[in-house]
Protein chains: 2
Amino acid sequence: MIGLQDVARAAGVSPATASRALHRPDLVALRTRERVEQAALELGYRPNVLARGLRTRGSRTIGLIVTDILNPFHATLAKGVQDAAEAQGYTVLMFNSDEQPDKERRALETLHGHLPMGLIVVPTARTRENLSVVAGLPTVELDRASGLDGAHTVMVDNVSGAREAVAHLLGLGHRHVGMIVGNLDISTARERLQGYREALEAAGLPYDDGLVLPGDHREQGGRLAALRLLSGRERPTALFVGNNEMTVGAVLAARELGLEIPGDLSLVGFDDSRWAQTMSPALSVVSQPTYDLGQLACQHLLSLIAGQSLPGSVRLPTRMVYRQSTAPATVLA
Amino acid sequence: MIGLQDVARAAGVSPATASRALHRPDLVALRTRERVEQAALELGYRPNVLARGLRTRGSRTIGLIVTDILNPFHATLAKGVQDAAEAQGYTVLMFNSDEQPDKERRALETLHGHLPMGLIVVPTARTRENLSVVAGLPTVELDRASGLDGAHTVMVDNVSGAREAVAHLLGLGHRHVGMIVGNLDISTARERLQGYREALEAAGLPYDDGLVLPGDHREQGGRLAALRLLSGRERPTALFVGNNEMTVGAVLAARELGLEIPGDLSLVGFDDSRWAQTMSPALSVVSQPTYDLGQLACQHLLSLIAGQSLPGSVRLPTRMVYRQSTAPATVLA
DNA sequence: TTCCTGACTGCAATCGATTTCAGTGTGCTG
DNA sequence: CAGCACACTGAAATCGATTGCAGTCAGGAA
């Protein structure tokens, strides 16, 4: 490995000068600097990030923990974060928590040893406690809020997104609108449920516990919840599903039960995706600016690292996308 | 930050002994070791990976470069790699090349500074040259072969997968089977084309240049290629598409042209996915053991790092999945 | 000429963990 | 009782880059 030593020797200067030439150009005579730069180039010098990080306690590295990289939503978040980080010369250490607090904790511990300069995390149910592992590290919570006091969060406006979706269904005349909600330990689930309730209230309809079922944010959980919800005697004629994977499950459940969409069942999902566009009928969804969310979180974090003080919480708007999975309620009277 | 110094002081020993106690237990008296372990636990000691890596030149870190994390195929590869790495206590530094040799090169340079112990890369068109940046580093090529001599590769059997898909279409009576092939600088594209040719040959049919169009591995490229292929006078009655994203494009193109699948056009894609299963008609595909591919590549790399010598190339089989996007050719006479 | 200033440069310490080498002390053998 | 081997432990060097401090030198002022 080519070290700064080698560059210095080749340029006929001390390592100290070589170091300064490369990143504090104003402190070095022009001709010296040129010699060093030339030597560095010729030798293909790459600074040893470990040594530098050790000395400066600044690794130009940030940590990212998402809950499920296989979920395109999270993959897109990750891409947004990475692109923004790379643009500023930062490297991202990415981990998966698989929604498991234990894995999240281990990821945090591993991360801690790498001395990252900041952290972006999509919280799990126990992030609030887990974050003590990296206490003091600038941290941004992405997509969800752990509930930690004074935390910086970058999220979408879940309440109004959900409200709009449910209002749309109610506007079509549906009176039994079910919801598959997700794990209520997680802020997005709570907020989307809140939006659902607000829409009902605005329409003067009562909130019915029996129409709201939790899922586990995965396809299987969505499918099971939908099967139960749609097999009851008073089956809902419309369904609002709280995340993308569970929506797949709900579609599969409807097919299993022989329910036509949107004829027998109107469906709206939260978060858009490739399959939501290509399936038939194409799915109406609450679309999120996912990539922007990731980028913004990263920029926010980098500002934080730079010592700027920023508003604690950022909300991006969602956008309702109308496709073919919703239809007016048939009047059975 | 709690350092080894602190642990040593708390345990009343020298840093040297503390270090040994934690990872060379046989060299330290039992009681000393216990004191150190206790102190480490109480103080919440986490080794500084930077310092350790600097000293040992072994960071327990591996690099991973995929071409597009937004593509679920690559996301799945990445998950496989990460899970396998984590199981062995390795941390993964992941980068995206976005299929661009320049970005790949920058990723390699950044990676190099982090002193990873090995590298897994999904090659782009110019990986062969780019790899010189990390010359000497144990490297495994994943999904594709860069063509580098003596490289270790973990791939699927593209030729036989493609052959099987095309043979299926031919078996249904199709005589004009088109292919959207991908960038021929990339080994998977070449191999899948090879399979296409072999299937034609086995059926005694001539190879027709006009039926084979390149795409760029993205949705848009697939769509444009399909539009051209399907707008000609002698339009193919069946289409084999060489990767997942381009297949979406082909489906969209068919819809634009008002072609029914499978009535007017039989379609087989390479690589399965969520949307291939939920779209209607559900898409027949050549399915790949994607997650296994990633895991295997990582295990292979870790063995390499451990100094074992291994077979240079591993091939996993594909599996043809028959769904509803193919039908017998209508006899027009 | 002498002294001073300011622009550069180099020495050496530093970050934290590992590891070589040189002790120290114990117990055992002859 | 002397001598030795062995089991432990600690001092100090090391990895490579950065940086506080001090030194050199040229040019200008007095």
Side-chain angles (χ1 to χ4, degrees), chain A residues 1-40 43-61 89 91 109-117 136, chain B residues 1-37 39-40 43-61 89 91 109-117:
Chain A
M1 167 129 186
I2 305 294
L4 194 53
Q5 304 273 4
D6 306 295
V7 175
R9 197 174 318 121
V13 299
S14 73
T17 301
S19 172
R20 281 186 286 249
L22 294 176
H23 69 126
R24 302 289 307 275
D26 49 312
L27 295 180
V28 170
L30 180 62
R31 298 202 34 219
T32 315
R33 193 172 90 220
E34 283 172 352
R35 274 212 319 283
V36 173
E37 280 168 351
Q38 179 66 21
L43 295 175
Y45 167 69
R46 297 251 86 214
N48 180 325
V49 182
L50 272 49
R52 171 186 291 170
L54 178 60
R55 177 63 225 255
T56 61
R57 319 191 112 280
S59 49
R60 273 191 111 62
T61 283
T91 300
E109 286 172 350
T110 303
L111 210 44
H112 182 237
H114 282 269
L115 304 191
M117 301 181 69
Chain B
M1 168 133 186
I2 306 293
L4 194 51
Q5 303 273 3
D6 306 296
V7 175
R9 197 174 320 121
V13 298
S14 73
T17 302
S19 172
R20 279 186 289 248
L22 294 176
H23 73 279
R24 300 289 307 275
D26 51 312
L27 295 181
V28 171
L30 180 61
R31 299 201 33 216
T32 314
R33 192 172 92 219
E34 283 171 352
R35 274 213 318 283
V36 173
E37 280 168 351
L43 295 174
Y45 168 69
R46 296 251 86 215
N48 180 326
V49 182
L50 273 49
R52 172 186 291 170
L54 178 60
R55 177 64 225 256
T56 61
R57 317 189 116 282
S59 50
R60 272 191 113 60
T61 283
T91 300
E109 287 172 349
T110 303
L111 211 42
H112 182 237
H114 282 269
L115 305 190
M117 301 181 70

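Chain naming here is simple, since letters A, B, ... match the order of the sequence lines and numbering starts at 1 in each. Values below: all heavy atoms of this structure, side chains included; hydrogens, waters and symmetry mates excluded.
Annotation: the terminal axes of the helix from C/dT1-D/dA30 to C/dG30-D/dC1 meet at 70°, where each axis is the rotation carrying the C1' atoms of four end pairs onto the next four (5 pairs per end, rounded to 10°).
Of all non-hydrogen atoms in B/His112 and A/Arg46, the two that sit nearest each other are ND1-CG, 3.6 Å.
Scanning for side-chain contact (heavy atoms from CB on, under 4.5 Å) contacts around A/Thr91 gives A/Thr61, B/Leu93, B/Phe95, B/Thr110, B/His114, with sequence neighbours left out. When the salt bridge (Lys or Arg N to Asp or Glu O under 4.0 Å) test is applied to A/Arg33, the partners found at least two apart in sequence or on another chain are A/Glu37. With sequence neighbours excluded, no residue forms a salt bridge (Lys or Arg N to Asp or Glu O under 4.0 Å) with B/Glu34. Judged as a side chain to side chain donor-acceptor pair (under 3.5 Å), and not counting sequence neighbours, B/Ser19 has no contacts. Residues that satisfy the side chain to side chain donor-acceptor pair (under 3.5 Å) test with B/Ser14, not counting sequence neighbours, are B/Thr17. By the side-chain contact (heavy atoms from CB on, under 4.5 Å) test, A/Arg55 is found to be paired with no residue, residues two or more places apart in sequence or in another chain being considered. Considering only residues two or more places apart in sequence or on other chains, A/Glu109 meets the side chain to side chain donor-acceptor pair (under 3.5 Å) condition with none of them.
Remark: A/Val28, A/Ala29, A/Thr32 in residues 28-38 of chain A come within less than 4.0 Å of DNA chain C through at least one heavy atom.
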- Summarise how protein sits on nucleotides 16-24 of chain C as a single string, 5' to 3': B when a protein heavy atom is under 4.0 Å from the base, S for sugar-phosphate-only contact, - for no contact. BBBBB----
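Judged as a salt bridge (charged side-chain N to carboxylate O under 4.0 Å, His left out), the pairs with a partner in residues 7-17 of chain B (not counting sequence neighbours) are, in order, B/Asp6-B/Arg9. Within the structure, the salt bridge (charged side-chain N to carboxylate O under 4.0 Å, His left out) test picks out no pair touching residues 14-25 of chain A (sequence neighbours left out).
Distance A/Leu22 CG to C/dT9 P: 13 Å, rounded to the nearest Å. Distance, B/Asp26 CG to D/dC6 P: 16 Å, rounded to whole Å.
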